[in-house]
Amino acid sequence: MCYDEQVISAYVDGELEASVHREIEEHIDNCDYCRSIQAEYHSVKELFLAVSNSPIHDTLAGSHAKARVWQQIQRKTRRETAQSFWHRQIQVPLPLAAGVIAAVAVLAFTLIFSPFSSGIFSSDQSGAPLALQEDDSIPSVPTNYPATENSRPELEQLLRFLSDQGAAVEVKIQLPSASKIQVSGEPQLLRAADFRRSGE
Amino acid sequence: MKLNAFFPTLLILLGLVQPLFSQNTSGTSSKELEEALRYLQDKALEVQIHARLIGKDRENVWNTESRKLTVSGKSISITLQGEDLTVSAHILPFLNEGGSIFLVAKGEVWVQQGPDEEKKYYSTVKSLPIKPGESVIFFPTGVLMDTEDNDVHTIELEIQVEPLE
């Protein structure tokens, strides 16, 4: 019966007890297959021993070699970062991402539907400030807009009134000087029809 | 969540470009102006005021007429100035959705009955739902149905409110 390859590997490395070592040695002398495996392991072991004793081992395992490898890794990483900026992945919290998407949507809506982009304003009208009254407190309603079929004197009067007046419309009436007004009770608000019916 | 770096960059660029457009949107566009005018037109009310002095046997001894435009919820103040009396009537019409009008009238009276007497002040608020064009009469100094004195008068303010057609 042939031995396992790992047992033969341990035999080559001299890791077995003396009695077992002897048994395997006797078997290998009589078994071509196990002898070939033992020869293979032996050649690998000799190769490792040869490398470890050569000057190149110091070069590979030295601190300079590690430093050079790190430098190369860092240089390569930097180059990749610079080349792939537009494809770089960044970590964004989900609420922030939602906010960003909403902001982009609002901006796009503003840009698309702004009067500037839709061409409502002509170049000399866009951004023109409203004219102010003399006291600079109430913006006056522009009255020089082009007349259309729907424009009516009442509306213009209303606009003029709204721009000219303050909080309330004031009507001042001077009563005849000879009149003697009698206060006959508290103020009353009645329908004209009801009042006339009650007087008849 | 992982995002491509392109999107934040695009957002920053849009943020930089957007003010260039927004300075044009701050101005009132003609469309907005038309909408504002239409809104005002829908809310506009025409108020006709007939101020009268009524004497003996309900004789109309003096009258004056005024026509004013206002919008729903904005008052019209009428001040009647006499020798020993000042009447201030505030007419506040509200246009309801159904087309009816709710009229609020506030009357303020400052009166001095005699040269040695103190000046008195009266104030009352009255309200009435009315139809467009319906005549209402506001008596700021009270209702005087009739008087025997030829020199005594009462004030009537006949008011008609109609939506501006």
Side-chain angles (χ1 to χ4, degrees), chain A residues 85-94 96-97 100 103-104 107-108 110-111 114-117 120-121 125-130 142 145 154-155 157-159 161-162 167-193 195 198-199, chain B residues 1-7 11 14 18 21 23-25 27-31 37 40-41 44 49 51 53 62 64 66 68-70 74-83 85 105 107 109 111 122 124 126 128 134-145 151-155 158 164:
Chain A
F85 173 77
W86 298 110
H87 303 289
R88 186 180 172 186
Q89 298 287 304
I90 55 171
Q91 195 80 24
V92 180
L94 189 59
L96 181 61
V100 166
V104 170
L107 281 173
T110 307
L111 292 176
S114 68
F116 183 79
S117 60
I120 291 172
F121 283 136
Q125 282 178 316
S126 60
L130 287 173
Y145 53 86
E154 289 89 352
L155 191 57
Q157 189 184 350
L158 173 65
L159 290 170
F161 144 75
L162 287 171
V169 184
E170 292 273 351
V171 181
K172 287 196 175 176
I173 299 170
Q174 187 69 40
L175 294 170
S177 57
S179 61
K180 184 182 175 186
I181 311 295
Q182 181 174 328
V183 178
S184 51
E186 66 174 23
Q188 294 289 335
L189 183 66
L190 301 170
R191 285 188 174 85
F195 175 72
S198 66
Chain B
M1 183 178 181
K2 284 188 173 180
L3 278 180
N4 198 302
F6 174 75
F7 291 107
L11 184 66
L14 283 172
Q18 201 268 344
F21 293 89
Q23 70 181 8
N24 293 296
T25 59
T28 307
S29 70
S30 59
K31 192 178 177 184
L37 292 178
L40 286 175
Q41 196 175 337
I49 304 152
L53 280 185
W62 175 88
T64 184
S66 183
K68 288 286 172 184
L69 292 175
T70 187
K74 190 169 180 178
S75 68
I76 294 176
S77 295
I78 306 147
T79 304
L80 300 158
Q81 184 68 55
E83 279 187 352
L85 169 134
V109 180
V111 62
Y122 305 92
T124 309
K126 298 284 179 184
L128 200 64
E134 185 180 5
S135 282
V136 292
I137 304 176
F138 185 52
F139 301 91
T141 54
V143 182
L144 182 66
M145 294 303 291
D151 297 330
V152 173
H153 306 116
T154 189
I155 300 171
E158 186 168 350
L164 186 67

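Chain identifiers are assigned alphabetically (A, B, ...) following the order of the sequence lines, protein sequences preceding nucleic acid strands; residue numbering begins at 1 within each chain. Note that this is a predicted model, so its numbers are computed, not measured.
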- Atom pair CD1 (B:Ile137) and CZ (A:Arg191), whose distance is rounded to the nearest 0.5 Å: 12.5 Å
- Query: Between atom CG of B:Leu128 and atom CG of A:Leu190, what is the distance when rounded to the nearest 0.5 Å?
  - Reply: 8.0 Å
- Message: Quick check on the interface: out of B:Ser135, B:Gly107, B:Ser66, B:Ala51, who has the most heavy-atom pairs with chain A under 4.5 Å?
- Response: B:Ser135
- Query: Highest number of heavy-atom pairs under 4.5 Å with chain A: which of B:Val109, B:Val136, B:Ile49?
  - Reply: B:Val136
- Item | pair A:Phe195-B:Val143: side-chain heavy atoms closer than 4.5 Å | yes
- Task: Measure across A:Pro187 and B:Pro140 and return the closest heavy-atom pair with its distance rounded to 0.1 Å.
- Result: CG-O, 3.2 Å
- For B:Leu85, is it the side chain, the backbone, both, or neither that has a heavy atom closer than 4.5 Å to a heavy atom of chain A? side chain
- With a 4.5 angstrom heavy-atom cut-off, which part of B:Tyr122 approaches chain A: side chain, backbone, both or neither? side chain
